[in-house]
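Computed over heavy atoms, backbone and side chain alike; hydrogens, waters and symmetry mates excluded.
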Amino acid sequence: MSLPLFLVGSLPAAPGAFRLDGPEGHHAADVQRITAGERLLLGDGRGGIATAVVTAARKGVLELDVEGVEQVPAPAPAITVVQGIAKGERGELAVQLMTELGVDRIVPWQAARSIARWKDAKPLERWRSTVREAAKQSRRPWLPEVTEPVRQLRLEGAVLVLHEEAAVPLSAVELPSSTDITLVVGPEGGIAPEELDTLSAAGARPVRLGREVLRTSSAGAAAIAALSVRLGRW
């Protein structure tokens, strides 16, 4: 079994003693009940990963001996997903799956057909919390960014719009060798025709995943999986 990962604000610059406390220390010592002699991973969410062994455990705190620290390069090209805001838990499921499968940045999109309307910061906080827990679960060195929600999209890099009526499959579209990739995923009701026209006019390319029509909670994750194979991530 792989070692559990705990996120910290900063990693030690070199091997040696380290104290894991705060919320992560509580989770490690009191929830997972990790004890002396066990090994774990520390991450800063910015590519830094440290391997450590527990030397002592008490309520809410683990004393560690850090064995080594490494810096994992950020994936390139990066994958951004513009995710249409979805109703209920579907949006949180989408960001969980996308994080586990390798998304690098998530942009919540208040699309024309989004049923849910974010009226305060709580939904964004849930998305960010979901991403953090999914990154720990999947032992990711890099914590994906979740931006503030947007209504108007500012497109950068190679932009692919997932659309069931697109003529070109994602498996056949030409991919850049270095330019970052942005995937646009609509909400439950899909991308409105005027939105698709605006995106296409700005240089975005509609692509399809297959004959099946996926939910907004799974479409982005499926596309990331397909891209990960083509980009050599997997």
Side-chain angles (χ1 to χ4, degrees), residues 5-10 22-24 26-27 31 43-48 74-75 77-157 159-163 180-192 194-196 198-199 202 204 214-225 227-228:
L5 172 66
F6 298 93
L7 294 174
V8 295
S10 61
E24 292 290 78
H26 164 71
H27 188 75
V31 179
D44 60 9
R46 300 179 298 277
I79 300 175
T80 292
V81 174
V82 176
Q83 173 65 51
I85 292 174
K87 183 179 178 181
E89 297 180 354
R90 290 179 182 174
E92 292 170 39
L93 176 59
V95 299
Q96 174 190 333
L97 294 175
M98 292 189 296
T99 300
E100 291 177 359
L101 292 172
V103 72
D104 300 299
R105 183 168 174 263
I106 299 173
V107 180
W109 177 32
Q110 192 73 67
R113 292 180 175 175
S114 289
I115 298 173
R117 299 288 165 177
W118 288 6
K119 299 179 180 179
D120 54 37
K122 291 181 180 179
L124 178 60
E125 292 171 0
R126 288 196 294 269
W127 277 33
R128 286 174 172 167
S129 176
T130 298
V131 164
R132 182 181 176 88
E133 292 307 311
K136 290 166 59 178
Q137 168 65 32
S138 51
R139 279 63 164 175
R140 290 196 56 176
W142 288 87
L143 184 66
E145 174 192 5
V146 182
T147 73
E148 295 289 328
V150 300
R151 292 181 180 273
Q152 301 296 324
L153 300 182
R154 298 177 61 182
L155 305 180
E156 298 178 356
V159 182
L160 305 175
V161 183
L162 301 186
H163 198 276
D180 291 343
I181 298 171
T182 296
L183 294 168
V184 180
V185 181
E188 298 98 320
I191 297 174
E194 60 271 19
E195 291 174 327
L196 184 60
T198 300
L199 289 166
L214 301 184
R215 289 181 179 271
T216 186
S217 55
S218 59
I224 291 168
L227 286 177
S228 294

Verify, without hydrogens or angle tests, whether Ser114 (side chain) and Pro187 (backbone) share a donor-acceptor contact under 3.5 angstrom.
no
How about Thr182 and Glu156: do any of their side-chain heavy atoms sit closer than 4.5 Å?
no
Of all the heavy-atom pairs spanning Phe6 and His27, show the shortest one and how long it is.
CE2-CD2, 4.0 Å
Side-chain donor/acceptor of Arg105 to backbone N/O of Val103, under 3.5 Å
no
Closest non-hydrogen atom pair, Leu162 against Ala219:
CD1-O, 3.7 Å
Run the numbers on Leu196 and Val161 for side chain to side chain contact (heavy atoms under 4.5 Å, CB included), then give the verdict.
CA-CA 8 Å; Leu196 184 60; Val161 183; 4.0 Å; yes
How long is the gap from CH2 on Trp118 to CD1 on Ile85, to the nearest 0.5 Å?
4.5 Å
Pairwise side-chain contact, Val31 with His26, heavy-atom cut-off 4.5 Å (strictly under):
yes
Please check if the number of heavy atoms outside Glu194 that lie under 6.0 Å from its CD is greater than 12.
yes
What distance do Leu143 atom CG and Leu7 atom CG have between them, rounded to the nearest 0.5 Å?
6.0 Å
Are Leu124 and Pro149 side-chain neighbours, meaning at least one heavy-atom pair lies under 4.5 Å?
yes
Taking all non-hydrogen atoms of both residues, which atom of Val146 and which atom of Pro108 are closest, and how far apart?
CG1-CG, 4.1 Å
Can you give me the closest heavy-atom contact between Ala222 and Leu214, atom names plus distance?
CB-CD1, 3.6 Å
Could you tell me whether Glu125 and Arg128 make a salt bridge, using a distance below 4.0 angstrom between a side-chain N and a carboxylate O?
no
Partners meeting ring-ring contact (aromatic ring centres under 6.0 Å, His included) with Trp109 (sequence neighbours left out)
none
List the steps, then state whether side chain to side chain donor-acceptor pair (under 3.5 Å) holds for Thr216 with Gln83.
CA-CA 8 Å; Thr216 186; Gln83 173 65 51; 2.7 Å; yes
To the closest 0.5 Å, what do you measure between CG (Leu93) and OG (Ser218)?
8.0 Å
Rounded to the nearest 0.5 Å, how far does CD1 of Ile224 lie from CG of Leu97?
9.0 Å
Over all atoms of both residues, closest heavy-atom pair of Thr130 and Gln96:
CG2-CB, 3.7 Å
Listing request: all salt bridge (charged side-chain N to carboxylate O under 4.0 Å, His left out) pairs with a residue in residues 88-104, at least two apart in sequence or in separate chains.
Glu92-Arg126, Asp104-Arg140, Asp104-Arg233
Using side-chain heavy atoms (C-beta onward) and a distance below 4.5 Å, is Asp180 in contact with Thr80?
no
Is there a side-chain contact between Thr147 and Glu145, using heavy atoms and a 4.5 Å cut-off?
yes
Greater than 12 external heavy atoms within 6.0 Å of Arg117's CZ:
yes
Minimum heavy-atom distance Gln110-Ala116, with the two atoms named:
NE2-O, 2.8 Å
Check whether more than 12 heavy atoms from other residues, nucleotides or ligands sit under 6.0 Å from atom CZ of Arg215, and answer yes or no.
no
With no hydrogens and no angle check, is any side-chain donor or acceptor of Glu195 less than 3.5 Å from a backbone partner on Ala111?
no
